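Inspection log for the structure reproduced underneath, given as structure tokens.
All values reported here derive from a predicted model rather than from experimental measurement. In listed order, ligands and their atoms are each counted from 1. Just so it is clear, the values below take in all heavy atoms, side chains as well, and ignore hydrogens, waters and symmetry mates.
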Amino acid sequence: MPGDLYYDPFDFGIDIRAHEVWRRMREEAPLYRNDKHNFYALTRYDDVLACLLDPETYISSYGTTLDLMSDEVFPLPMFIFRDPPEHTLLRKLVSRAFTPRKIDGLETRIERVCAGLLDPLDGMSTFDFVERFSSLVPPTVILALLGFPEGMESEMRASVDNTMAIDETTAATGSRSVIEGENIGSVVFELIPELCAERRAEPADDLITVLATHERELEDGSTRPLTDDEIMGYVALIAGAGSETVARMLAWGVVLLADHPEQLRELGANEGLIPNAIEEILRYEAPSPVQGRRVTNDVELHGETVPAGANVLLINGSGNRDERHFPDADRFDIHRDIDRHLSFGYGAHFCIGGALARLEGRIGLEQMVRRFGTWDVDHEALDWVHTSTVRGYKSVPLTV
Ligand code: HEM
């Protein structure tokens, strides 16, 4: 392995120029080894896909991000950190809330959510897209999925407003939307037991009803309802997995399209191109680009033995740029024929919210294109988030 090739998911500088590093890893060290943080990494499309499809060898129960991976089984009751057969059972329960019919049923509500966030921006020439839009859409949509009545978002924001001190930035800009977005979480958690009780008395067609009325089967054949902790675990996983990622996807979308203005104009002229544009945005910049696994037994990879118990990072964000699978992979092209990108993972842990994310992406972009036509990004002022699960922008100043 070349001595100057170094990949470290905790290094912010590397995170920003990740594609350059991943390209070298694909070519020069397809099985990469990092001694400092004690992990292996796979970057080629075929390798990443094969491991994602083998959850018996590449397991998730010891954590799936490097900072969380340890020799102990991950303690929180979340199915993303479980392996089959337990994972299969836990996932099956909520998959009822993610059927195509359920997700399509959210379309008009998502349209209203997006319009409600964009209306106050009419007449403004510059705003932060993440702060004013992309970070607020997903938590609001998850409230809808859970079954919170429409209109409650603003009620909750108001209650947060009343109890919150105004900081300097808020006072200067008059905007506190991100702060509100973050606080919705805690208010929601307080309300969930109440909502569960309501749904047990009067079931509805939503995720809280699924969780509140489920009877978990025990080994002796008897059943019991989910505990409050189990319900919270589900809600926390879905809210966590479905918020940061969608916020990043939308932000990548507006930046990539600003960088390719001819393609942005094409979307304006033909909205039918938007769904494929979303796939290309997801392929080109995976919002969740690294999935960690632990190997259960010795495996041979690229002529080396990876020992049982080792941590392996599957870099799906790199697989999406592998020339072996996607010709001219570094070219952004909304017309690209994409058979399958790896941005939602694959196999047992394939993103359960993929259809919802795609719907949010489509509606978000449609409304941006209809309302503003084109836009420019102030590249100098772009700011990044650095977390172990997502890669992308914290701040995207747009001029419309
Ligand atoms: C663009 C947006 C999104 C991206 C890029 C994304 C990405 C991913 C990826 C890569 C995985 C696989 C993790 C692994 O293999 O360990 C995953 C799993 C998951 N995602 Fe998403 N996701 C997105 C949106 C959502 C949404 C909207 C929800 C829910 C509302 C959601 C809920 C989940 C859950 C619950 C899992 C765990 C599935 C399992 O372990 O069986 N995600 N997501």
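Taking every heavy atom of I80 and a limit of under 4.0 angstrom, the matching atoms of ligand 1 come to 37 (C), 40 (O). Close approach of ligand 1 to A348 (heavy-atom distance below 4.0 Å) involves ligand atoms 41 (O). Those atoms of ligand 1 with a heavy atom of H87 less than 4.0 angstrom away are 39 (C), 40 (O), 41 (O). Close approach to A357 involves these atoms of ligand 1, each under 4.0 Å from a residue heavy atom: 1 (C), 2 (C), 24 (C). Ligand-side atoms of ligand 1 in range of P287: 5 (C), range being under 4.0 angstrom from any heavy atom. Each of the following atoms of ligand 1 lies closer than 4.0 Å to a heavy atom of M249: 1 (C).
E131 CD to L136 CG: the interatomic distance, rounded to the nearest 0.5 Å, is 8.5 Å. With rounding to the nearest 0.5 angstrom, the CG atom of D8 is 5.5 Å from the CD1 atom of I14.
Annotation: H349 places an N or O atom under 3.5 Å from an N or O atom of ligand 1; distance criterion only. Below 3.5 Å of separation, one finds no N or O of S60 facing any N or O of ligand 1.
Ring-plane geometry between F39 and Y7 is classed as perpendicular, the angle between the planes exceeding 60 degrees on a 0 to 90 degree scale with a lower cut at 30.
Among protein heavy atoms, atom 26 (C) of ligand 1 sits closest to G242 CA, 3.3 Å. Counting protein heavy atoms only, atom 11 (C) of ligand 1 is closest to F344 O, 3.9 Å. In terms of protein heavy-atom proximity, atom 13 (C) of ligand 1 is nearest to Q291 OE1, 3.4 Å. Closest to atom 33 (C) of ligand 1 among all protein heavy atoms lies A241 CB, 3.5 Å. Closest to atom 34 (C) of ligand 1, if we only count protein heavy atoms, is I352 CG2, 3.7 Å. The shortest contact between atom 23 (C) of ligand 1 and any protein heavy atom is with T245 OG1, 3.4 Å. For atom 42 (N) of ligand 1, the nearest protein heavy atom (residue, atom name, distance) is C351 SG, 3.0 Å.
Checking T389, I238, V390 against atom 30 (C) of ligand 1, the nearest heavy atom belongs to I238. Evaluated by nearest non-hydrogen atom to atom 14 (C) of ligand 1, the leading choice among R91, R293, K92 is R293.
A side chain to side chain contact (heavy atoms under 4.5 Å, CB included) with E86 holds for exactly one of T88, L90, L89; it is L90.
R336 has no carboxylate O lying under 4.0 Å from a charged side-chain N of E279, or vice versa, which leaves the two without a salt bridge. Salt-bridge formation is detected for the pair E230/R216: a Lys NZ or Arg NE/NH1/NH2 atom is positioned less than 4.0 Å from an Asp or Glu carboxylate oxygen.
For S343, every heavy-atom contact with ligand 1 shorter than 4.0 Å involves the backbone, none the side chain.
With no hydrogens or angles considered, a side-chain donor-acceptor pair links D259 and H379 at under 3.5 Å. In summary, the side chains of T223 and E217 do not present any donor paired with an acceptor at a separation below 3.5 Å, with no hydrogens or angles considered. If you check the side chains of D339 and H325, you find a donor sitting under 3.5 Å from an acceptor.
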Worksheet item: Yes or no on salt bridge (Lys or Arg N to Asp or Glu O under 4.0 Å) for R24 and E27, after CA distance, side-chain angles and deciding distance?
Response: CA-CA 5 Å; R24 285 197 58 197; E27 302 313 319; over 6 Å; no
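Counting heavy atoms from C-beta on, the side chains of H87 and K92 never come closer than 4.5 Å.
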